[in-house]
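Some notes on the structure that comes next.
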Amino acid sequence: MELHSLLFLAFAAVALIAAVLVLLSRNPVHSVLFMLLTFVNVAAMFVLLQAEFIAVIQILVYSGAILVLFLFVVMLLAGGERPLPVLNQPLQARAAVIVGLVLVSELALVVLTSTVGGGRRGPDSPERIAAVGGNIEALGRQLYTTWLLPFEIASVLLLVAAVGAIYLAKEDL
Amino acid sequence: MLVDLLIILGTILLVFIAVLTGMAYLTYFERKVLARMQSRIGPNRTGPLGLLQPVADGVKLLTKEGSLPAKADKAVFLIAPVMVFVPALLAWAAIPFGPGFTAFGRQIGMRIADLNVGLIYILAMGSIGVYGIVMAGWASNNKYALLGGLRSSAQVISYEATLGLSLIGVLLMAGSLNLSEIVAAQQGTYFGLIPRWFVLPQILGFAVFLVSAIAETNRPPFDLPEAESELVAGFHVEYGGFGFAMFFLAEYISMLAISALASTVFLGGWLGPSIPLLPDALEGIFWFSAKMAIFIFFYFWLRATLPRFRYDQLMSLCWKIMLPVALLNIVLTGIIKLAL
């Protein structure tokens, strides 16, 4: 087996095992740390796909900022060990199974019907991206031409969230 | 193929040795510089001029017994120092030391990896480092350690924002995230005299970067996570022996790394007047180290001069002064870049 596939299998295996451990850990802080492991391995898989920019952003934004806040909240609020979530909350467990099945079928649908995946390559191959001048250039061009409207809508959403957070945090505004 | 692999491994090993040696002697120089500033002599017993002091410190820390506090979370407690140390060392993978040279018909770059996203990569490694501190604070099962860990995460997350924003001006000017290309963009002089380093046009960004870098590395006057007078020693109070050594080393390695980043991004990296009789590659390393030394000395100088900030002062400095200045810098750079 070539090195590339071997590395992919290793990262994918660790990511999946860590993801399962997020659910099975009895300690919420451990769950967050396993989630970090999953994120880092997903970032490594992005590197294997030659999407360095996405990989670094994955680390910087998800692992470096969002998950730190998760850890912060979990450390302060959820003290001590908890029982295994699946065992003592039947209603939630049943709902989770249904939602999980929906998600899996959705993913299967996308994988089976899309032109990407299943060994087929998407339109933006590494060669084409290199021709435009690299990951960042290609992504920036796409965001500000083809996907300008969704991009702007996303930024307005973020602005609304920021204003909302400030309003909630400051009572005497 | 094999030769390429050996070159890569050799580069990694060289950088590793250089960083670890540099870090060890950084502790020696810090003690010497602080001593001089306070009219003392500093370490002078171990070896000539006390030069073997780092070795003695290393042996002492290695041979001390590490202890595990009661009711501590064992696994997290043991992993935490590694989680601080490894990202600090990983940041060095993207830093270019020199222009590179050709030997035996092969182009050899003086860096581990020529990353297209080098600048964000270093920021990302900095943001991962905070996990170790939070984990150590939580796993120690000690209220002072927990408070230190919480303080640190709030501080690092806040100053990460200003650190990133202060570098966007540089990004606009260089048009690249690749650190070698950022250095290349600083070549040449204004009026044939002043070097075109980004520190001049980006003076606002530089100021914000400098303050944020000190807060990001938990150095005085922003060393609140380990404020010994109120928190005993903060997040690493329960660590002894090698666990403590790893926190200590990580702090000095990130200090070196952030100085290296500052020299690369604002002071033109390896660029400098040519020195007769010295090959280009060594000349690059010389100028690069000289520029790093300026920042390192500045760090020591601050520690000897300024008292520690209060926590609320630190936070309001970040969000009420540094953030608006960084944003202003981006807007100004954008306008000037458009006008030219």
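Reminder, nothing fancy here: chain letters follow the sequence lines and each chain counts from 1. Bear in mind the structure is a predicted one, so any value in this text is a computation, not a measurement.
Expressed to the nearest 0.5 Å, how far CG of A/L36 lies from OH of B/Y131 amounts to 4.5 Å. Atom CE of B/M83 and atom CG of A/L33 lie 7.0 Å apart (nearest 0.5 Å). Expressed to the nearest 0.5 Å, how far CD1 of B/I120 lies from CD1 of A/I136 amounts to 5.5 Å. Residue B/Y121 holds its OH atom at 8.5 Å from CD1 of A/I59, rounded to the nearest 0.5 Å.
Surrounding CZ of A/F8 are at most 12 heavy atoms belonging to other residues, nucleotides or ligands under 6.0 Å away. Summarising the local packing, CZ of B/F247 is surrounded by more than 12 heavy atoms from other residues, nucleotides or ligands at distances under 6.0 Å. In the displayed structure, B/Y311 atom OH is contacted under 6.0 Å by more than 12 heavy atoms of other residues, nucleotides or ligands.
Contacts between B/L150 and chain A at a heavy-atom distance below 4.5 Å involve backbone atoms as well as side-chain atoms. B/L177 touches chain A through its side chain: at least one heavy atom from C-beta onward sits under 4.5 Å away, while N, CA, C and O do not. Using a 4.5 Å cut-off between heavy atoms, A/L67 contacts chain B through both its backbone and its side chain. In this structure, the portions of B/V134 lying under 4.5 Å from any heavy atom of chain A include both its backbone and its side chain.
When all heavy atoms are compared, the tightest approach of B/S127 to A/G64 is OG-CA, 3.5 Å.
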Worksheet item: What do the steps show when you test B/L146 against A/M75 for side chain to side chain contact (heavy atoms under 4.5 Å, CB included), and what is the final call?
Response: CA-CA 9 Å; B/L146 183 65; A/M75 261 168 47; 3.6 Å; yes

